[in-house]
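Notes follow the structure.
The structure displayed is predicted, hence computed values, not measured ones. Letters A, B, ... mirror the listed sequences (proteins, then strands); counts begin at 1.
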There are 2 protein chains.
Amino acid sequence: MPKTAPCCPPAEPTPPVPADESEANEVLARLAKALAHPARVAILRLLVRHEGCIVGDIVDELPLAQSTVSQHLKQLKAAGLIRGEVDGPRVCYCVEPGAVALFKALVEGL
Amino acid sequence: MPKTAPCCPPAEPTPPVPADESEANEVLARLAKALAHPARVAILRLLVRHEGCIVGDIVDELPLAQSTVSQHLKQLKAAGLIRGEVDGPRVCYCVEPGAVALFKALVEGL
DNA sequence: CAGGTTTATCGTAAATCGACGATTGACGCT
DNA sequence: AGCGTCAATCGTCGATTTACGATAAACCTG
């Protein structure tokens, strides 16, 4: 049994765009806020690119302290854009494709 | 000669998506930040819908004080998403379609 | 089980945001 | 000239963001 990705398994379905406009505004605002910082955009891109997980390699890629990166990850997770799973001593983050798709749909609908 | 829209005339061309990734991250983050608040999303939608201008009618549409709306408009303008022109005693805001298109392109490219 | 890694959390400080009321500025009208 | 209207700006407040170092928690490895 290979020690393959213990991460990113289920892949939630894409949530629907809210019918209520003001609710759609809030959802879009929440997602936009999560990407309102270059570092978080960079993190999301990293995770999309290595489509799957990645760990604190993220820290190596960014000119930020480990604790700061952790904070950004927390915000991305709170917004539902990424998911993190514990893999032994390290933690594996991955994109939540449904959330990204929702974001794209909301932006497209502007 | 009708007293038609003194607003939204030139319509700048859509700026290109930056080739440099970290620059693209910054641009995307700036635009996302501008939409990181439900009120600003609502304002942008209002302007898109009445495709063209609109004045302080925006204030009537939102449950916010006039000064607060003005602040949000200022942020949207600073991000380049909207443009405002003085039309006599009132001010006419309108969408900057190129900036919205750029935003959509950047999000799509995630 | 002791030690080393990895990551999250805490505490802190500076900066920015979000909202409001009050004021100022610009303009058209009478 | 003076008045009313519309919108931007100012000043203020509390809350949030961003960043960091230091600490704590979880977990392999020897």
Would you name the heavy atoms of [X] and [Y] that are closest together and state the gap between them?
X: A:Gly98; Y: A:Pro15; value: O-CD, 3.6 Å
X: B:Val69; Y: B:Leu62; value: CG2-CD1, 4.3 Å
X: A:Leu64; Y: A:Val59; value: O-CG1, 4.2 Å
X: A:Gly84; Y: A:Lys77; value: N-CD, 4.0 Å
X: A:Leu102; Y: A:Thr14; value: N-CG2, 4.1 Å

Give the rounded distance in Å between these two atoms: [atom1] of [X] and [atom2] of [N].
X: B:Gln66; N: C:dT24; atom1: CD; atom2: C1'; value: 12 Å
X: A:Tyr93; N: C:dT7; atom1: OH; atom2: P; value: 9 Å
X: A:Asp57; N: C:dT6; atom1: CG; atom2: P; value: 9 Å
X: A:Arg90; N: C:dA8; atom1: CZ; atom2: P; value: 13 Å
X: A:Asp87; N: D:dC28; atom1: CG; atom2: P; value: 9 Å

Looking at side-chain heavy atoms only, is the closest gap between [X] and [Y] below 4.5 Å?
X: B:Val107; Y: B:Lys104; result: no
X: B:Val48; Y: A:Leu110; result: no
X: B:Leu47; Y: B:Ile58; result: yes

Query raised in the report: Would you say A:Ser70 reaches C:dT7's phosphate, i.e. side-chain N/O to OP1/OP2 under 4.0 Å?
Result: no
Return all side-chain donor-acceptor pairs below 3.5 angstrom for residues 24-43 of chain A, not counting sequence neighbours, or 'none' if the list is empty.
{"residue": "A:Asn25", "atom": "OD1", "partner": "B:Arg45", "partner atom": "NE", "Å": "2.8"}
{"residue": "A:Asn25", "atom": "OD1", "partner": "B:Arg45", "partner atom": "NH2", "Å": "2.8"}
{"residue": "A:His37", "atom": "ND1", "partner": "A:Ala39", "partner atom": "N", "Å": "3.0"}
{"residue": "A:Arg40", "atom": "NE", "partner": "A:Ala34", "partner atom": "O", "Å": "2.6"}
{"residue": "A:Arg40", "atom": "NH1", "partner": "A:His72", "partner atom": "ND1", "Å": "2.9"}
{"residue": "A:Arg40", "atom": "NH1", "partner": "A:Gln75", "partner atom": "OE1", "Å": "3.2"}
{"residue": "A:Arg40", "atom": "NH2", "partner": "A:Lys33", "partner atom": "O", "Å": "3.3"}

Once rounded to the nearest 0.5 Å, what's the spacing between atom [atom1] of [X] and atom [atom2] of [Y]?
X: A:Leu81; Y: A:Phe103; atom1: CG; atom2: CZ; value: 7.5 Å
X: A:Arg49; Y: A:Leu44; atom1: CZ; atom2: CG; value: 10.5 Å
X: A:Ile54; Y: A:Ile82; atom1: CD1; atom2: CD1; value: 11.5 Å

Report summary line: Of the listed C:dA19, D:dG21, C:dG21, the closest approach to the B:Leu64 side chain comes from C:dA19
Query raised in the report: From D:dC20, C:dA8, C:dA19, pick the nucleotide closest to the side chain of A:Ser67?
Result: D:dC20
Report summary line: One would report the end-axis bend of the helix from C:dC1-D:dG30 to C:dT30-D:dA1, five pairs per end and rounded to 10 degrees, as 20°
Report summary line: Within residues 33-43 of chain A, the residues having a heavy atom closer than 4.0 Å to DNA chain D are A:Lys33, A:His37, A:Arg40
Report task. Mind listing the residues from residues 72-80 of chain B sitting with a heavy atom below 4.0 Å of DNA chain C? Number order is fine. Result -> B:His72, B:Gln75
List, with names and distances, any nitrogen or oxygen atoms from the protein found under 3.5 Å away from nitrogen or oxygen atoms belonging to nucleotides 24-26 of chain D.
none

Atom pairs under 3.5 Å: protein N/O with N/O of nucleotides 12-14 of chain C:
none

